[in-house]
Asker: 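Once you've had a glance at the structure underneath, I'll fire off some questions.
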Amino acid sequence: MVKSLRGRWLAWLAALLAAVLGGFGLALYAESRKARFDEVDAELLAAARVLEGSMRPFSGPASDRPLSPPPFKGKDKGKGPPPLPPQELDRERMIRGLGLPRAFRDRYPDIEVPPYFAVWNADGHRLKAMGDAPDERPEEPNIEDTYYHYHRPGRHEVVVLGPNRAIILVGRSVERELAQLHSLAWRITLTGLAIFGVGLLGGWWVAGRAIRPIAAMNETAAGITADNWSRRMEVAGAPTELAGLAGAVNTMLDRLEAGFVQQVRFTADASHELRTPLAVMMSHLELARTQPRSAEEYQQTLATCERAARRMKSLTDGLLTLARVDSGKLELAAESVDLHDVAEEAIALLTRLAEDHRVTVTLAGDAAPAQGDADRLTQVAVNLISNAIHYNRPGGTVTVTTGMADNSAVMTITDTGVGIAAESLPHVFERFFRADASRARDRGGNGLGLAISRGIVEAHGGNIEVRSTLGAGSTFTVSVPGARDGGPPNDES
Ligand code: ADP
């Protein structure tokens, strides 16, 4: 099995060329052979007609009687045939003197192989034979056709019905024609082979040119490494079919590069986020171990370590949830859930936080029934409302509204906080993104809340959007398919 594209293309070309040249050569040979032998047959028929013509003047009144000596009878036995009547004698003499007349040779002046002939009477007696004529009388042609051709190995013959149902056979050796055809067959074969060879060479060259852009693409692709994503396929100079492929590969490379960069940043961010609480824990533990401390100080150290451990747990839980979202393995319960109740519960959980930040949280709107995982949807509501409280100003408000819109259960969280800059808006759902890093860190956030919220909402078949004005506040809108639309698409519980 040929593996290379060039080899395959060449194999196809070879098969095609062989079929075309073989077919053409065979047709040419068959046509030439037919033309040559048709000529021979025509020549033989002409000779037979000439012979038949030269016999006609002697058919005379005896046409009803066969041209043969009468059979020996009774007392004539042993004395030889009785003398023929004068008219029959004439006929006999004429037939004995029969030859291919001058007229025939005038018609075929170039004739190299002279035909032979023989004449039989109706009784089957051979009256005249010349050259290689066969002894046995051939079949009589039928009356309508008056002749037929007969092809023996190396010979062509024609049998004609003559006067008085005489049978005339004219034939000749076709060894010379066969030798010529043999040589023609060789010439056709050799020419075909030469064309085949040139065709293959040409095909090899053309295939080389055709795959050159592929080789160039191959080289470019080989040059793309984790350290060097800058190279892209040449689209401008490529043939149309490959330009499409090159464009698609370039788009794929763009996506891969973005994904790779994101992955690298994600790993760096995740390690960074883990390092901070780890460093806190280590320094406090070391201090506690190396210096004698009071019971109260030990208590403080343990409390600090616990906070750091909680922070790490929240981070690893978040990362685990995101990993499940990415692999499509986030397990969701398919229960009846009302976003209004979800919002109510989230607000209840955050009452203390709201009080601490002196932010008023209000719930408005109607029931918003959906099918989904109440705990996960509550997690989303807590993320969004706690953000709305954190990134608010003292005395500000957070309004949570629920309801149905276009068969979707919708929850909007509007705050009167700091808002998000327009350039940051497209990134707020990215992992570890923080529009205002110092402020976010103050509140103990890790930059995963919105990414996880989006993952959970999308796993429910819904979507989450944000609108914001810097300095005026933000509105986050969550919508999931309403209860009438059935459950979440990736319900695996
Ligand atoms: P974090 O833990 O930092 O809050 P999130 O994923 O929840 O992580 O939010 C990402 C970033 O989006 C935050 O750091 C903050 O800059 C911005 N953000 C989120 N919600 C709000 C909001 N309601 N008002 C202003 N900025 C917000």
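As the structure lists them, so they are numbered: ligands from 1, and atoms in each ligand from 1. These numbers were taken from a predicted model, which means no experiment stands behind them.
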Asker: Mind checking the CZ-CG spacing from Phe266 to Leu319? Nearest 0.5 Å is all I need.
Answerer: 4.5 Å
Asker: With rounding to the nearest 0.5 angstrom, report the CD to SG distance, Gln300 to Cys305.
Answerer: 12.0 Å
Asker: What atoms of ligand 1 come within less than 4.0 Å of a heavy atom belonging to Phe476?
Answerer: 20 (N), 23 (N)
Asker: For Gly419, take its heavy atoms, then give the atoms of ligand 1 lying under 4.0 Å from any of them.
Answerer: 25 (C)
Asker: Within a radius of less than 6.0 Å around OH of Tyr150, do more than 12 heavy atoms belonging to other residues, nucleotides or ligands occur?
Answerer: no
Asker: Evaluate the side-chain proximity of Tyr148 to Pro138: yes if any heavy-atom separation is below 4.5 Å, no if none is.
Answerer: yes
Asker: Please check this pair: side chain of Arg454 against backbone of Ile464, looking for a donor-acceptor N/O pair closer than 3.5 Å.
Answerer: no
Asker: Working note: His390 + His357, criterion ring pair (Phe, Tyr, Trp, His ring centres under 6.0 Å); need CA distance, chi angles, decisive distance, verdict.
Answerer: CA-CA 7 Å; His390 273 294; His357 284 76; 4.9 Å; yes
Asker: Are any of the N/O atoms in Gly447 less than 3.5 Å from those in ligand 1?
Answerer: yes
Asker: If you measure from each non-hydrogen atom of Leu384 to ligand 1, which part falls under 4.0 Å: side chain, backbone, both or neither?
Answerer: neither
Asker: Which bit of Ile420 gets closer than 4.0 Å to ligand 1, counting heavy atoms only: side chain, backbone, both or neither?
Answerer: side chain
Asker: At a non-hydrogen distance cut-off of under 4.0 Å, which region of Ala435 contacts ligand 1 (side chain, backbone, both, or neither)?
Answerer: both
Asker: Applying a strict 4.0 Å limit to heavy atoms, is Asn383 in contact with ligand 1?
Answerer: no
Asker: Does some side-chain heavy atom of Arg33 sit less than 4.5 Å from a side-chain heavy atom of Leu184?
Answerer: no
Asker: Under 4.0 Å from a heavy atom of Asn446: give me the atoms of ligand 1 that qualify, with their elements.
Answerer: 2 (O)
Asker: Applying a strict 4.0 Å limit to heavy atoms, is Phe429 in contact with ligand 1?
Answerer: no
Asker: Any non-hydrogen atom of Gly417 lying under 4.0 Å from ligand 1?
Answerer: no
Asker: Which of the atoms in ligand 1, numbered in the order shown and given with their element, are less than 4.0 Å from a heavy-atom of Phe433?
Answerer: 10 (C), 11 (C), 14 (O)
Asker: Are Asp41 and Leu45 packed together at the side-chain level, in the sense that at least one heavy-atom pair is separated by less than 4.5 angstrom?
Answerer: no
